[in-house]
Each structure stands twice: as C-alpha cells, then as structure tokens.
Enquirer: 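Below is the structure I would like to discuss, written out as structure tokens.
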Amino acid sequence: MTEPEVSLRLAMYYIKNHLTEHDVKVSVDGAHIKTGKALHFDIEGFLEENHCVKIDGDPGRWQGRYRIEGQREQIILESIPGYGDVQICLRDGRILFVESKKSRQGKSGQEYPLMREAIGQLMTSCFMDENTIPAVAVPYTKKSLELAKRWSKLEQIRKVDIRFILVQETGNIITIYKDMTQ
C-alpha cells in the first residue's frame, strides 16, 4: 500500500463513519504519484474506484476537492510539503494530525524505520498545539501491529499521546494508543 493510499483510506474512513463534520485535508507529495514518466500510484483511478468525484473546476489536476458518493464532507487533496499528510477536525474540535507511511509487497522489516520516521516528523512539526492529536498511519501488518502495541506503552509516547492507526486494504482501521485499541 502506498503512502497516498494510506492517507486517502484514512480520510475516507473518517468521512464514511461520520467521525468528522468537516472536510478532511490530505496532502500528497507529487513524487509519490509520479516521477518523470513513472507512475507510482494511480490516484485518479483509486479515487474513482472508491466513488470519489472531483467537484472543482480543474479536471486536468489530481489536486482539488472530492466528494464521496452519499457523503457531505469532502476530501481536500493538496500537495503541500511539511504540512502533515492528513488533518481531520474531530467532533470534539481537536485536530487529528497524521503522518502516513507506506509498505511494499514482500518487503519485511520496513515497518520499524518507517514508523520511527513518522514519529520523528510528528515530534518536529510546528503545526501541533494543545488541540492536536498526533498520529502515525501505516498499512496493517503483523509487525506494524506489534510495534504499535509495544510503542504505545512507552512513557514518552504516552505523554505526547501519539496514536497509531493501522489501515487495512478493506478500508477499516485499527487505532492503538495509551494501551487501548479502538
């Protein structure tokens, strides 16, 4: 699962399950979509497969506003470096600020460095304040589940209240934080 797919599946989950009453911002690095002639992730095809319709006026760009069929809230798809991969305003007014990471088929052992990188990005972000909930979103694997459960018990992770969101290819998520699974 690519990083943009992790971010988009997470945004769709929160919208479809009515966990937000606001549009969800997703920032995708253009290099994760395409470099030169090499297509890394067919973002337009993915959005179409998941019943997301572009509703702004520029059909030639993948950035823009998308509505999921049957939903009021929209996905605002941008490409802003250093902004966090997903920002979701929760029903209580707090912001879920997410750094997403990928996984590659058949490549084991990558979860550890990628999840640590995401934690580092969260800890050095200038966008966090007392109303921000930091989160790491990664594809669900046995290893990512093991690391999330272990790291969520660490005092330094608990103090900052970092959540680990494991995204499944089915579109479901598992959230782990402070010894709780939700």
Side-chain angles (χ1 to χ4, degrees), residues 1-29 31-32 41 73 75-76 78-182:
M1 190 180 307
T2 65
E3 187 172 305
E5 184 178 350
V6 170
S7 295
L8 289 167
R9 286 193 184 281
L10 178 60
M12 287 186 253
Y13 179 87
Y14 271 78
I15 290 171
K16 289 178 179 178
N17 289 284
H18 308 287
L19 301 173
T20 183
E21 296 173 339
H22 301 275
D23 296 340
V24 175
K25 293 182 180 180
V26 177
S27 183
V28 173
D29 183 339
H32 290 168
F41 178 64
E73 292 77 21
I75 296 173
I76 302 169
E78 305 169 313
S79 186
I80 303 173
Y83 191 60
D85 297 316
V86 183
Q87 291 188 33
I88 303 169
C89 183
L90 302 175
R91 289 183 165 274
D92 65 5
R94 295 183 299 164
I95 302 294
L96 186 64
F97 186 86
V98 183
E99 287 293 341
S100 301
K101 294 297 171 197
K102 63 182 177 184
S103 70
R104 287 193 300 253
Q105 285 287 83
K107 177 114 170 132
S108 63
Q110 64 185 348
E111 295 91 347
Y112 185 88
L114 290 173
M115 289 172 72
R116 285 187 62 167
E117 179 183 348
I119 292 167
Q121 287 173 291
L122 289 170
M123 296 304 295
T124 57
S125 172
C126 58
F127 294 105
M128 293 194 352
D129 62 23
E130 65 277 352
N131 291 317
T132 306
I133 301 170
V136 170
V138 295
Y140 173 87
T141 64
K142 288 180 183 178
K143 186 64 174 179
S144 64
L145 177 62
E146 173 201 323
L147 291 171
K149 284 181 175 180
R150 182 169 13 128
W151 290 349
S152 67
K153 295 175 185 173
L154 297 173
E155 189 59 30
Q156 61 272 33
I157 298 290
R158 293 170 59 87
K159 282 182 180 177
V160 181
D161 195 22
I162 294 176
R163 297 179 185 204
F164 295 93
I165 302 170
L166 309 179
V167 179
Q168 299 174 322
E169 289 184 1
T170 61
N172 289 326
I173 66 168
I174 298 169
T175 304
I176 298 173
Y177 62 101
K178 290 188 179 183
D179 299 326
M180 300 181 74
T181 302
Q182 180 172 299

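Keep in mind it's a predicted model, so treat the numbers as computed, not measured. Each residue takes its place number in the sequence, starting with 1.
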Enquirer: Is it true that a side-chain atom of D92 and a backbone atom of R94 form a donor plus acceptor pair closer than 3.5 Å?
Expert: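 Yes: the side chain of D92 pairs with the backbone of R94.
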Enquirer: Applying side chain to side chain contact (heavy atoms under 4.5 Å, CB included), run through H18 and R91 and close with a yes or a no.
Expert: CA-CA 9 Å; H18 308 287; R91 289 183 165 274; 3.9 Å; yes
Enquirer: Can you find a heavy atom in the side chain of V6 that is under 4.5 Å from one in the side chain of K102?
Expert: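 The answer is no; the side chains never approach within 4.5 Å.
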Enquirer: Please report the shortest heavy-atom distance between E3 and H32, naming the atom on each side.
Expert: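 Distance-wise, the nearest heavy atoms are OE2-CE1, 3.2 Å.
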Enquirer: Looking only at non-hydrogen atoms, find the nearest pair between I157 and F164 and report the distance.
Expert: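 So the minimum-distance heavy-atom pair works out to CG2-CE1, 3.9 Å.
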Enquirer: How far apart are the closest heavy atoms of P139 and S103, and which atoms are they?
Expert: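 Here P139 and S103 meet closest at CG-OG, 3.4 Å.
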Enquirer: Keeping the roles fixed (side chain from S152, backbone from K149), state whether a donor-acceptor pair exists under 3.5 Å.
Expert: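 Yes; at least one donor-acceptor contact below 3.5 Å.
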Enquirer: Any side-chain heavy atom of M123 within less than 4.5 Å of one from I162?
Expert: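 When only atoms from C-beta onward are counted, I162 and M123 do touch, with a gap below 4.5 Å.
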Enquirer: Is it true that T141 and E111 share a donor-acceptor pair across their side chains at a distance under 3.5 Å?
Expert: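 Yes, because at least one side-chain N or O of E111 sits under 3.5 Å from a partner of the opposite role on T141.
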Enquirer: Would V138 and L166 satisfy side chain to side chain contact (heavy atoms under 4.5 Å, CB included), going step by step from the backbone distance to the final call?
Expert: CA-CA 5 Å; V138 295; L166 309 179; 3.5 Å; yes
Enquirer: With rounding to the nearest 0.5 angstrom, report the CG to CD distance, D85 to E99.
Expert: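 These two atoms lie 4.5 Å from each other.
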Enquirer: Let me confirm one number: the CD1-CD1 distance from I75 to I15, rounded to the nearest 0.5 Å.
Expert: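 Result: 4.5 Å between the selected atoms.
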Enquirer: Can you name the closest pair of heavy atoms from P134 and T132 and give their distance?
Expert: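 Here P134 and T132 meet closest at CD-O, 3.6 Å.
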Enquirer: Could you measure the distance from the CD1 atom of I165 to the OG1 atom of T175? Nearest 0.5 Å is fine.
Expert: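 If we round to the nearest 0.5 Å, I165:CD1 and T175:OG1 are 5.0 Å apart.
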Enquirer: Could you tell me whether the side chain of S7 and the main chain of V86 form a donor-acceptor pair under 3.5 Å?
Expert: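 Pair absent, no side-chain N/O of S7 close to backbone of V86.
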Enquirer: Can you tell if the side chain of Y14 reaches within under 4.5 Å of the side chain of I173, non-hydrogen atoms only?
Expert: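 Yes, close enough: below the 4.5 Å cut-off.
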Enquirer: Looking only at atom types and distance, does a side-chain atom of T20 sit under 3.5 Å from a main-chain N or O of C89, one as donor and one as acceptor?
Expert: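 Checked: pair present.
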Enquirer: Looking only at side-chain N and O atoms, does Y13 offer a donor or acceptor that is under 3.5 Å from a partner on R9?
Expert: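 No.
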Enquirer: Please determine whether the number of non-hydrogen atoms from other residues, nucleotides or ligands lying under 6.0 Å from atom CZ of R150 exceeds 12.
Expert: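 Check passes, neighbour count above 12.
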Enquirer: Would you compute the distance between atom CD of E73 and atom CD1 of I88 and round it to the nearest 0.5 angstrom?
Expert: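 Spacing of CD (E73) from CD1 (I88) equals 11.5 Å.
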Enquirer: To the nearest 0.5 angstrom, please state how far the CD atom of E117 sits from the CG atom of L122.
Expert: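 Result: 11.0 Å between the selected atoms.
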Enquirer: For the residue pair S79 and V28, what are the closest heavy atoms and their distance?
Expert: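 Minimum heavy-atom separation between S79 and V28: OG-O, 2.8 Å.
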Enquirer: Side-chain contact, heavy-atom cut-off 4.5 Å: V136 with I119?
Expert: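 Contact flag for V136/I119 side chains = yes.
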Enquirer: Measure across A11 and V24 and return the closest heavy-atom pair with its distance rounded to 0.1 Å.
Expert: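 Nearest pair, atom of A11 first, then V24: CB-CG1, 3.6 Å.
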Enquirer: Starting at CD1 of I174, measure out to CD of Q168 and round the result to the nearest 0.5 Å.
Expert: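 Reported value, rounded in 0.5 Å steps: 4.5 Å.
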